[in-house]
2 protein chains.
Amino acid sequence: MSTTGPVPADPTLVGSDLAAMARLLADGTRATFCLALLDGRAWTPTELARHAGVAPSTATEHLNTMVAGGLLVQERQGRHRYVRLADQQMAELIETMAAAAPVRPAPAARTLSADSRRRALAHARTCYDHLAGRVGVAIADAMTERALVEWEHGPRLTPGGERWLAELAIDVPASAKRPALRPCLDWTERRPHLAGAVGAALCGHALDQGWIRRVGSSRAVLVTPAGRDVLAARLGLSAELLTPAGN
Amino acid sequence: MSTTGPVPADPTLVGSDLAAMARLLADGTRATFCLALLDGRAWTPTELARHAGVAPSTATEHLNTMVAGGLLVQERQGRHRYVRLADQQMAELIETMAAAAPVRPAPAARTLSADSRRRALAHARTCYDHLAGRVGVAIADAMTERALVEWEHGPRLTPGGERWLAELAIDVPASAKRPALRPCLDWTERRPHLAGAVGAALCGHALDQGWIRRVGSSRAVLVTPAGRDVLAARLGLSAELLTPAGN
DNA sequence: CGGACACTTCGGCGGCGGCCGAACCGTGGC
DNA sequence: GCCACGGTTCGGCCGCCGCCGAAGTGTCCG
């Protein structure tokens, strides 16, 4: 069996290695980049600089550090550079860190537009490749309540859940590498929503079918009338919950 | 249902919050403390200072920071102070970070005793409250091979696994909060071992029954002759694998 | 009540690293 | 070929923070 194979190099992780990784997130500007990148899309240095309120040169330096540290990967196209999170593992790292961060009272948005953006994100957004926010958590809750998913003995889809997905024509690619179902702690709701292959398939299908739509270039999404119908019919979610003004 | 309850405070996590948490791990000395504390036991400032090679006053300052940040909790007894990781979530955070840290070639232990300590830890150790190291990974492998645990559709114990535990008189307390079975990436083997309630029960039982024994005050453990018999009979692990000199 | 001991507080030092603006480099458009 | 623009490099400034040793506090023990 595999454990009797060649003895591994036996690398001993030391504090400084761990610290070097943590340092990549231990700066306000870099952390702001990470939270923005959690939507799984690629951003340019200029976008990130503006988003975080720093000079482009500063953003460049941070991005170099983060790429060198393995947190991000980059792709160059002409005079543009695109960066995104290196992989799912790094996204999970950031999520885990965010979940562990103490809740502090919201810093009372200073401008009207910042406030509306904040509300839009809290309502519904993508988190890497799945759904988050009030809507994401409500979907997870409803699916749990209807026994479509099961958490107690390891997160998994129930037979009913598989039928449910099939009825909606949602295809979940099986992968040995990626877990089918994974709870992901929502950092606005502080409760889990659906991640893993199922969460990704659900979100992708919803975008394809026009059940949800991205708002501008942010990771906020809106539930369309068509989406409201589907979610009401299939999960019993109220129209009120699915409307951003609804709080 | 619960999501229609009172609207949460809607705290928006900002970069600086995330950074503040990450900063707790972003220092070589603090990270060294964390790795030591991963065994789940309580340490004193003096022990940690010596372990990390810094002055006691320095350790005190770090520990104050870490406690204030919610990473550690402390308990005072007379003139002693004991610190340990605040909870399972913080332990997972550290493990996730350690797993994401790039593998660097082992820094070639400088002293003989450091080398033997390193070897002992790589062989078998506790990781928070479960087993890690070559032995921990081998147990996870063997249990997977014998279909006692199942990972593909969400980690869980199979019916055969439940019988197996019952035969060994290992009782796994059911908890809604803690997952029964969780893979925990081993940072010397870079492969998963068993965590969660099952991993903890197994490790606790093994210590109770004298199948394994702590080595001195470190988190390294030794498999006793009794333990070797049990692991050979129940999982088919070779005596060679269970002996520390064996590499 | 004196001394040993665990721990803490404080002042001061030194280095690291985040920030910016200015100059520079390549690409693509006109 | 020129210009606009995204991105990068570099030098220099400043603040933060990790470190120590010395002095102080509290606890336990004889």
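Naming: A, B, ... by sequence-line order, numbering from 1 per chain.
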- Message: I want to check one thing: is the phosphate of dC19(C), taken as OP1 and OP2, less than 4.0 Å away from some side-chain N or O of His62(A)?
- Response: yes

- Query: Will you find, in the side chains of Thr60(B) and Arg81(B), an N or O donor that is under 3.5 Å from an N or O acceptor?
  - Reply: no

- Do the side chain of Thr96(B) and the main chain of Glu92(B) share a donor and acceptor less than 3.5 angstrom apart? yes

- Note on the structure: Between Thr65(A) and Leu63(B), whichever has its closest DNA chain C nucleotide further toward 5' is Leu63(B)

- Grab the CZ-P distance between Arg50(A) and dG6(D) for me, whole Å please. 10 Å

- Note on the structure: Rounded to whole Å, CD of Gln74(B) lies from C1' of dT8(C) at a distance of 12 Å

- Item | Length of the line joining Asn64(A):CG and dC10(D):P, which is rounded to integer Å | 11 Å

- Task: Nearest whole angstrom, please: distance from the P of dA6(C) to the CH2 of Trp43(B).
- Result: 16 Å

Restricting to nitrogen or oxygen on both sides, can you table the protein-nucleotides 20-24 of chain D pairs closer than 3.5 Å?
from: dC20(D); atom 1: OP2; to: Ala55(B); atom 2: N; distance (Å): 2.9
from: dC20(D); atom 1: OP2; to: Thr58(B); atom 2: OG1; distance (Å): 2.7
from: dG21(D); atom 1: O6; to: Ser57(B); atom 2: OG; distance (Å): 3.0

- Message: Hydrogens and angles aside, do Arg30(B) and Thr65(B) bring a side-chain donor and acceptor to less than 3.5 Å of each other?
- Response: no

- Short side-chain N/O contact to dC16(D) OP1/OP2 from Arg23(B), under 4.0 Å: no

- For Leu25(A) and Ala31(A), the nearest pair of non-hydrogen atoms, with its separation, is O-CB, 3.8 Å

- May I have the distance from Glu75(B) (atom CD) to dA6(C) (atom C1'), rounded to whole angstrom? 16 Å

- Nearest to side-chain heavy atoms of Arg30(A), which nucleotide of dT8(C), dT8(D), dG18(C): dG18(C)

- Task: Identify the heavy atoms of Leu202(B) and Ile170(B) that sit nearest to each other, and give their distance.
- Result: CD1-CD1, 3.5 Å

- Would you name the heavy atoms of Leu35(B) and Val14(A) that are closest together and state the gap between them? CD1-C, 3.9 Å

- Between atom CG in Leu24(A) and atom C1' in dG18(C), what is the gap in whole Å? 14 Å

- Query: Under 6.0 Å from the CZ atom of Arg84(A), do we count more than 12 heavy atoms belonging to anything else shown?
  - Reply: no

What nitrogen or oxygen pairs link the protein and nucleotides 1-5 of chain D at under 3.5 Å?
from: dC5(D); atom 1: O2; to: Arg79(A); atom 2: NH1; distance (Å): 3.0

- Item | Any Arg81(B) side-chain nitrogen or oxygen under 4.0 Å from OP1 or OP2 of dT8(C) | yes

- Task: Could you tell me how the ring of His193(B) sits relative to the ring of His130(B): parallel (under 30°), tilted (30 to 60°) or perpendicular (over 60°)?
- Result: tilted

- Euclidean distance, Met90(A) CE relative to Leu38(A) CG, rounded to 0.5 Å: 13.0 Å

- Query: Does a side-chain N or O from Arg76(B) land closer than 4.0 Å to OP1 or OP2 of dT25(D), or not?
  - Reply: no

